[in-house]
Amino acid sequence: AQKITQTQPGMFVQEKEAVTLDCTYDTSDPSYGLFWYKQPSSGEMIFLIYQGSYDQQNATEGRYSLNFQKARKSANLVISASQLGDSAMYFCAMREVNFGNEKLTFGTGTRLTIIP
Amino acid sequence: ETGVTQTPRHLVMGMTNKKSLKCEQHLGHNAMYWYKQSAKKPLELMFVYNFKEQTENNSVPSRFSPECPNSSHLFLHLHTLQPEDSALYLCASSQGSRDNEQFFGPGTRLTVL
C-alpha cells in the first residue's frame, strides 16, 4: 500500500481563487510529520509547511494552511488567493523515524496551473 | 553561497563513463540525503547520512556509490550506469530532528546515453 497518496495529478485554478490539494497517508507510527513541498520548473524543492502528528492546531504559513484530519489520515494543503507564481508541482511527504533513522516518503505530486 | 548547492546542474554521460555528483550545504545541518526523481514517479530516497555515517541505503544498486567526507559535503559517484538511471538527482539536508524540514538543492539533471 502507498504511504502517501495524492489523487489529483493535475489541477487548473483561476487566479485569486483558493485551491485545495489532497493528500492522504498511511502509517502505524503514532509519531510522524507531514510536509508539503513546491517544485517549480527549475527543479528545486521548496518547503512550504509542516504538521506534526501531535500538533493540536492546523499549521499555517502565510497563504498556505494545512487541513489536518488525523482520524481520516488526511493532510490537505490549502492555498488562498492563488497567484500565477503558484503554478508548480506540489508534493506531500511524510516523515517517519524507525530505529533512529528518519525517512521521508513522497507522494506522486499534483501539477497546479494557475490561469490568469 | 547559501543553502544547498549541487554541481553540476546538468550531466550527460555514456554507460561506460565514471562521474561524480557533488552536494554542499551551508546550513550547519548534520544530516544529508540523496533522492532520485524519475518522470511520473515519486521521489525515491537513496541514501541518508547522519554525522557523516551512512544510516540508510534504500536498496540502491552498487553502480551508485555515496561518499560523505564531512557533514557539509556529500558525493554520489556514478559508474557503468544504465539509461533508466536518467533522472533528476536531488540532495537535501536537515538538522536531523523530527520537526525540521529538509532543505533541497536545485538538483542535477542526469542523462545516460
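Small disclaimer: the values here were computed from a predicted structure and weren't measured. Scope of the values below: all heavy atoms of this structure, side chains included, with no hydrogens, waters or symmetry mates. Every chain is numbered from 1, with letters handed out A, B, ... down the list of sequences.
- Contacts between Q6(B) and chain A at a heavy-atom distance below 4.5 Å are absent for every atom of the residue.
- Under a cut-off of 6.0 angstrom, the local environment of NZ in K19(B) is sparse, with at most 12 non-hydrogen atoms contributed by other residues, nucleotides or ligands.
- Note on residues 22-66 of chain A: pairs passing disulfide (SG to SG under 2.5 Å), not counting sequence neighbours, are C23(A)-C92(A).
- Residues P42(B) and T108(A) approach most closely at CG-CG2, 3.6 Å, considering heavy atoms.
- Shown here is R111(A), whose CZ atom has no more than 12 heavy atoms of other residues, nucleotides or ligands within 6.0 Å.
- In this structure, CD in Q102(B) is found 12.0 Å from OH in Y50(A), a value given to the nearest 0.5 Å.
- For the pair V4(B)/M45(A), no side-chain contact is recorded, criterion being any heavy-atom separation below 4.5 Å from C-beta on.
- Both the backbone and the side chain of L43(B) come within less than 4.5 Å of a heavy atom of chain A.
- Residue pairs that meet the disulfide (SG to SG under 2.5 Å) test with at least one member in residues 19-67 of chain B, sequence neighbours left out, are C23(B)-C91(B).
- Closest approach of S42(A) and R9(B) over heavy atoms only: O-NH2, 3.6 Å.
- One hydrophobic cluster holds both Y64(A) and M11(A) under the rule that ILVMFWY side chains link at heavy-atom gaps under 4.5 Å.
- A 6.0 Å sphere centred on NZ of K70(A) holds more than 12 heavy atoms belonging to other residues, nucleotides or ligands.
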For this session: Determine, step by step, whether Y33(B) and L104(A) satisfy the side chain to side chain contact (heavy atoms under 4.5 Å, CB included) criterion, reporting the C-alpha distance in whole Å, the side-chain angles of both residues, the deciding distance to 0.1 Å, and the verdict.
Result: CA-CA 10 Å; Y33(B) 313 81; L104(A) 202 59; over 6 Å; no

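- Counting heavy atoms of neighbouring residues, nucleotides and ligands inside a 6.0 Å radius, atom CD of Q57(A) does not exceed 12 of them.
- Checked against the 6.0 Å centroid criterion, the rings of F47(A) and F104(B) do not qualify as a close aromatic pair.
- Contact check for L90(B) versus Q39(A): side-chain heavy atoms found under the 4.5 Å cut-off.
- Residues W36(A) and E101(B) fail the side-chain proximity criterion, which asks for heavy atoms closer than 4.5 Å.
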